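Data first, discussion second: the structure below is written as structure tokens.
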Amino acid sequence: MAHGESSLVAPYFRDIEQQRETNTLGMWVFLVTEVMLFGGIFMAYAVYFYNYPEAFGEAGRELDIVLSSVNTFVLLCSSLTMALAVWACQSNKQKLLVIFLTSTLVLGSIFLGIKGFEYYEKYEKALIPGINWHYEGEFPDEAQIFFSLYFAATGLHATHMIIGGTVLAIITMKAMRGFYSAVNFDTIEIMGLYWHFVDIAWVFIFPLFYLIERY
Amino acid sequence: MADQHHEEHGEHGIHITPVSTYLMVFAGLMVLLALTLFVGYTNFGAFDKSITVAVAIVKASLIMYFFMHLRHSSGLVWVFGVLGFFFFIIMLLIGMGDYAARGTIQGPL
């Protein structure tokens, strides 16, 4: 085993590979449960879109396509920097690791900032069901369903971003103190898995909510 | 760089995906983002949603295969990764099959 490796392996593991495999598998199992969590909201969306396609189209056009496209771009960039952080850790490049982790954190924060502004816009336009709902379009009840699903999906997603960002901040601080290395990179790897999953969730949310009948 | 086409291996055969691969995947994701917007603003009639979701699935697959290292993961990880989406598809198919068989919900809420 490489220098210092034996102290990294918990005693109930055969070796460091088994530990790594277990860590990775554990995160994937969790992500599968997350797929079903977001999946429930997408299922509800499928049912109501099937029943009220015109209403969804009309309500969907209230959403800001520019801000959300920028957000999609920002999130995809953050996935790149997260993947590069894993690469940097595996290649034992400590400075680059910190740079990429920090970049991911900054991009994630930009995403949340833009999302917050979007929510503020919704408040201004009185489009938040249960808080200040006032809709002038053709299908007010169905539009309320659309916006309930919108806030459920994007709210759940934003919550995941906030939790992920908090954990990422802690990991970044540990990385600054040289805690991770080419033999101790499991944490960075599984943080990456979580981050990419949250990105994938947005990849589906974006077209389903923001790109309905925009022609 | 000398080993652009040859992947680095860390100790114990850890696969280190090269930066060039990540950058190419990112470029692909940007193209797909542009495609997503194009599809969103084009009228494909009844296929609108299907094409949109198909593009999203391609993006998700790229992210999972390269960024999430499914490419270098064991069969067990593949089983869980694929299983998750498999059960989601089942939920959609059986759920929507039920609604479609019963017909559209009629009348006001």
Side-chain angles (χ1 to χ4, degrees), chain A residues 1-2 5 15-17 20-21 24-25 28-29 31-36 38-40 42-43 46-47 49-52 65 69 72-73 76-77 79-80 82-84 86-87 90-92 141-142 145 182-183 185 189 192-193 195-197 199-200 203-204 206-208 210-215, chain B residues 8 10-19 21-23 25-26 29-30 32-33 36-37 39-44 48-49 52-53 55-57 59-60 63-64 66-70 73-74 76-81 83-85 87-89 91-92 95-96 98-100 104-106 108-109:
Chain A
M1 279 196 277
E5 213 177 75
D15 52 36
I16 198 165
E17 280 96 26
R20 189 162 293 140
E21 170 78 3
T24 306
L25 186 62
W28 274 102
V29 170
L31 293 180
V32 167
T33 71
E34 294 279 83
V35 167
M36 294 314 287
F38 278 92
F42 287 128
M43 180 68 215
V47 170
F49 176 80
Y50 173 74
N51 284 296
Y52 310 121
I65 188 68
S69 300
T72 310
F73 171 73
L76 287 172
C77 286
S79 260
L80 174 65
M82 188 69 230
L84 289 173
V86 176
W87 169 82
Q90 289 173 323
S91 311
N92 229 348
D141 294 324
E142 292 82 344
I145 294 178
V183 290
F185 63 88
E189 166 81 26
L193 289 179
W195 198 264
H196 295 310
F197 169 77
D199 187 19
I200 288 177
V203 160
F204 282 95
F206 174 59
L208 289 178
Y210 291 87
L211 291 173
I212 312 173
E213 277 180 33
R214 280 197 182 256
Y215 36 80
Chain B
E8 297 163 62
E11 296 154 43
H12 298 275
I14 300 166
H15 291 270
I16 303 179
T17 309
V19 174
T21 306
Y22 286 137
L23 292 175
V25 172
F26 179 74
L29 288 171
M30 289 297 110
L32 287 167
L33 175 57
T36 305
L37 288 167
V39 170
Y41 279 89
T42 311
N43 186 355
F44 287 105
D48 254 353
K49 272 276 170 287
T52 302
V53 170
V55 174
I57 288 176
K59 271 160 123 177
I63 293 175
M64 288 202 295
F66 290 103
F67 284 176
M68 291 172 90
H69 302 148
L70 261 188
S73 292
S74 67
L76 196 55
V77 170
W78 269 92
V79 167
F80 276 89
L83 211 63
F85 288 95
F87 273 100
F88 173 59
I89 299 298
M91 175 173 66
L92 280 179
M96 290 313 297
D98 188 47
Y99 276 97
T104 313
I105 296 175
Q106 301 291 338
L109 287 169

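Sequence lines set the chain letters: A, B, ... in the order given, protein chains first and strands last, and positions in each chain run from 1. Keep in mind it's a predicted model, so treat the numbers as computed, not measured. Heavy atoms only: backbone and side chains are in, while hydrogens, waters and symmetry mates are out.
- Each of A:G40, A:G39, A:P207 has some count of heavy-atom pairs under 4.5 Å with chain B, and the biggest count is that of A:G39.
- Of the listed residues B:K59, B:M30, B:H69, the one with more heavy-atom pairs under 4.5 angstrom with chain A than any other is B:H69.
- Put simply, the side chain of A:Y210 does not reach to within 4.5 Å of the side chain of B:L37, judged on heavy atoms.
- There is no contact between A:E34 and chain B, counting heavy-atom distances below 4.5 Å.
- Looking only at side-chain heavy atoms (C-beta outward), B:I16 and A:W87 come within less than 4.5 Å of each other.
- Within 6.0 Å of CZ in A:F73 there are 12 or fewer heavy atoms belonging to other residues, nucleotides or ligands.
- Contact check for A:W28 versus B:M68: side-chain heavy atoms found under the 4.5 Å cut-off.
- Interface remark: A:F206 contributes side-chain atoms only to the contact with chain B (heavy atom separation under 4.5 Å).
- With respect to chain A, the highest number of heavy-atom pairs below 4.5 Å among B:L92, B:V55, B:L83 belongs to B:L92.
- The most heavy-atom pairs under 4.5 Å with chain A, out of B:I63, B:L76, B:T52, come from B:I63.
- The candidate from A:N92, A:V29, A:T24 with the greatest count of non-hydrogen atom pairs under 4.5 Å with chain B is A:V29.
- A:I65 places a side-chain heavy atom less than 4.5 Å from the side chain of B:Y41.
- Side-chain atoms of B:K49 and A:I212, non-hydrogen and from C-beta on, do get closer than 4.5 Å to each other.
- Chain B forms the most heavy-atom pairs under 4.5 Å with one residue out of A:L80, A:T33, A:V32, and that residue is A:L80.
- The contact between A:L31 and chain B is made entirely by side chain atoms (from C-beta outward), counting heavy-atom distances below 4.5 Å.
- Counting heavy atoms from C-beta outward, A:D199 and B:F67 have side chains that stay 4.5 Å or more apart.
- Of the residues considered (B:G81, B:S73, B:G95, B:A60), B:A60 shows the highest number of contacts with chain A, using heavy-atom pairs under 4.5 Å.
- By the 4.5 Å heavy-atom criterion applied to side chains, B:V53 and A:F42 are not counted as neighbours.
- In this structure, A:L193 CG and B:L70 CG are separated by 8.5 Å, a value rounded to the nearest 0.5 Å.
- At a 4.5 Å heavy-atom cutoff, the contact between B:T42 and chain A is made by backbone atoms alone.
- For B:L32, no part lies under 4.5 angstrom from a heavy atom of chain A.
- Taking OH from B:Y99 and CE from A:M43, the interatomic distance works out to 7.0 Å, rounded to the nearest 0.5 Å.
- Proximity to chain A (any heavy atom under 4.5 Å) is restricted, for B:F26, to the side chain, taken from C-beta onward.
- Heavy atoms of B:D48 lying under 4.5 Å from chain A belong exclusively to its side chain.
- Remark: B:F44 CZ is packed, more than 12 non-hydrogen atoms of other residues, nucleotides or ligands lying under 6.0 Å away.
- The shortest side-chain heavy-atom distance between A:E21 and B:V77 falls under the 4.5 Å cut-off.
- The parts of B:L29 that come within reach of chain A are both its backbone and its side chain, each placing non-hydrogen atoms under 4.5 angstrom from that chain.
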